[in-house]
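So the structure is just underneath, and the comments pick up after that.
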2 protein chains.
Amino acid sequence: MLGAMEEGDELRFDRGAETPERIKAQLSRLVGLTAAQTARASSDALRAVGAHKDHFVVLAALAEFGPASQSALAGRARVYKSDLVAVLNELADGGWIRRTPDPADKRRNVITITDSGVRRLAELDQVLAGVNAHITAPLTREERDQLFALLNRVNTHLAGPRFRPESGA
Amino acid sequence: MLGAMEEGDELRFDRGAETPERIKAQLSRLVGLTAAQTARASSDALRAVGAHKDHFVVLAALAEFGPASQSALAGRARVYKSDLVAVLNELADGGWIRRTPDPADKRRNVITITDSGVRRLAELDQVLAGVNAHITAPLTREERDQLFALLNRVNTHLAGPRFRPESGA
DNA sequence: CTATGTTCATTGGTATCGCCAACGTTAGTC
DNA sequence: GACTAACGTTGGCGATACCAATGAACATAG
């Protein structure tokens, strides 16, 4: 008999009873699982419209903070400047941004969002809103806010001093 | 110096005022940030004792469910059988598991946790408990449970049917 | 005006992780 | 004895986060 479980589904899903207790108790695992799934959900949704995360993040930074050099943009959008190059190429190919040399400083490129870039951002924003709605579907409005608040607190806390096994509890 | 913000810190940290609102509103980003940080925290802590995630997860599965073949173990520990090979090699090198051919089925290896493996698991468990404590430090007991519960609900919900932009609101 | 050091965009590379495909071996099945 | 399936293992792919080095342009000091 061998009670063979049907393999073939993916590893990021919890398997309930088959999962060791010690593992289920790890917050990092739970948060990691959830992150993987939300990441895939938005990644899939964005791919469906020919975009990916960095597209959104860069367009958003441009829309909210105005034109910027690539390095300023890299800082704001939290994308490595190395990786930003490819993203900007793609965005330029789509006509969503313009990359113009800065006359004041010839090293710099000034990145500007175009009108169609603004429309594109709205489109991606809507796509991601759908994803967010899907993700938080089982939660009430308050719970959603709670989750946000809790994660934010954990997150900003972790952004602080690095963990040292000795220090603290 | 042009009021340049000091670059050099890492991208996974939120930058507050410098971060576009649209981005901050994305749950997937928040969860992703948190996941990255918790993952690194535990990854660092485990590396400090010469282990990594799969070590813990595999030892835990062995301890809770007893000896198993590699494929059963792969299922329980949620590690791809391809990747499990290396993990078991390392664990065997440390003397924490034994890999013995199954006389009943010569294809199979029976993986058994050793006594020192049990001790190793306890060690890793303690390391991770410290990490968990650090992660959830800013939360009260109730909030910690809340976060767990909320993430679990989101997570199991996402494990269900795949997101389709058309279906549902 | 040359020399030095810094900033900019860009190229290339590393490490890790989740994941899949294919192989040789061994078991069950007709 | 031929087929099919499961086992452990090898090797690789693709994405992501990250770093290092380069060449052009700028700034400043002597």
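Being a predicted model, the structure only gives us computed values, none of them experimental. Order of the sequence lines sets the chain letters (A, B, ...), proteins ahead of strands, with each chain counted from 1.
- Going from atom CD of Q70(A) over to atom P of dA25(D) covers 15 Å, rounded to whole Å.
- OP1 or OP2 of dT10(C) sits under 4.0 Å from a side-chain N or O of N109(A).
- A sub-4.0 Å separation between OP1 or OP2 of dG8(D) and a side-chain N or O of S82(B) is absent.
- Rounded to a whole Å, the CD1 atom of I111(B) is 13 Å from the P atom of dC7(D).
- Along DNA chain D, the nucleotide closest to S69(B) and the one closest to D83(B) are compared, and the more 5′ of them pairs with S69(B).
- Between the CG atom of D54(A) and the P atom of dA15(D) there is a distance of 13 Å, given to the nearest Å.
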Show every donor-acceptor pair shorter than 3.5 Å between a side-chain atom in residues 90-99 of chain A and any protein atom, with sequence neighbours excluded, or say none if there are none.
residue	atom	partner	partner atom	Å
E90(A)	OE1	H52(A)	NE2	2.9
E90(A)	OE1	H55(A)	NE2	2.6
R99(A)	NH1	Q70(A)	OE1	3.1
R99(A)	NH2	N89(A)	OD1	2.2

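- Open room surrounds CD on Q126(B); 12 or fewer heavy atoms of other groups in view lie less than 6.0 Å from it.
- The interatomic distance linking L88(B) (CG) with dC7(D) (C1') rounds to 13 Å, in whole Å.
- Remark on the helix from dC1(C)-dG30(D) to dC30(C)-dG1(D): inter-end axis angle 10°, axes from five-pair C1' superpositions, rounded to 10°.
- dG18(C) atom C1' lies 13 Å from atom CD of Q37(A), rounded to whole Å.
- The side chain of R108(A) sits closest to dC8(C) out of dA17(D), dC8(C), dT10(C).
- Atom-to-atom, NE2 of H52(B) to C1' of dA15(C) comes out at 13 Å; the value is rounded to the nearest Å.
- Looking at the side chain of K81(B), the nearest of the listed nucleotides dC8(C), dG8(D), dG18(C) is dG8(D).
- Comment: D102(B) does not engage K106(B) in a salt bridge, judged by the lack of any side-chain N to carboxylate O separation of less than 4.0 angstrom.
- Proximity note for D105(A) (side chain, C-beta onward) versus dA27(C), dG8(D), dA25(D): the nearest is dA25(D).
- Dashed line: the shortest gap from a side-chain N or O of R99(B) to OP1 or OP2 of dT9(D) is under 4.0 Å.
- Checked for salt-bridge contact, R76(B) and E64(B) miss the test: no charged N lies under 4.0 Å from a carboxylate O.
- With dT9(D), dC7(D), dT11(C) as the choices, the nucleotide that has an atom nearest any side-chain atom of V85(B) turns out to be dT9(D).
- For R40(B), no side-chain nitrogen or oxygen approaches OP1 or OP2 of dA15(C) to under 4.0 Å.
- Residues V110(A) and K106(B) each lie close to DNA chain C; by heavy-atom proximity, the contact nearer the 5' end of the strand is made by V110(A).
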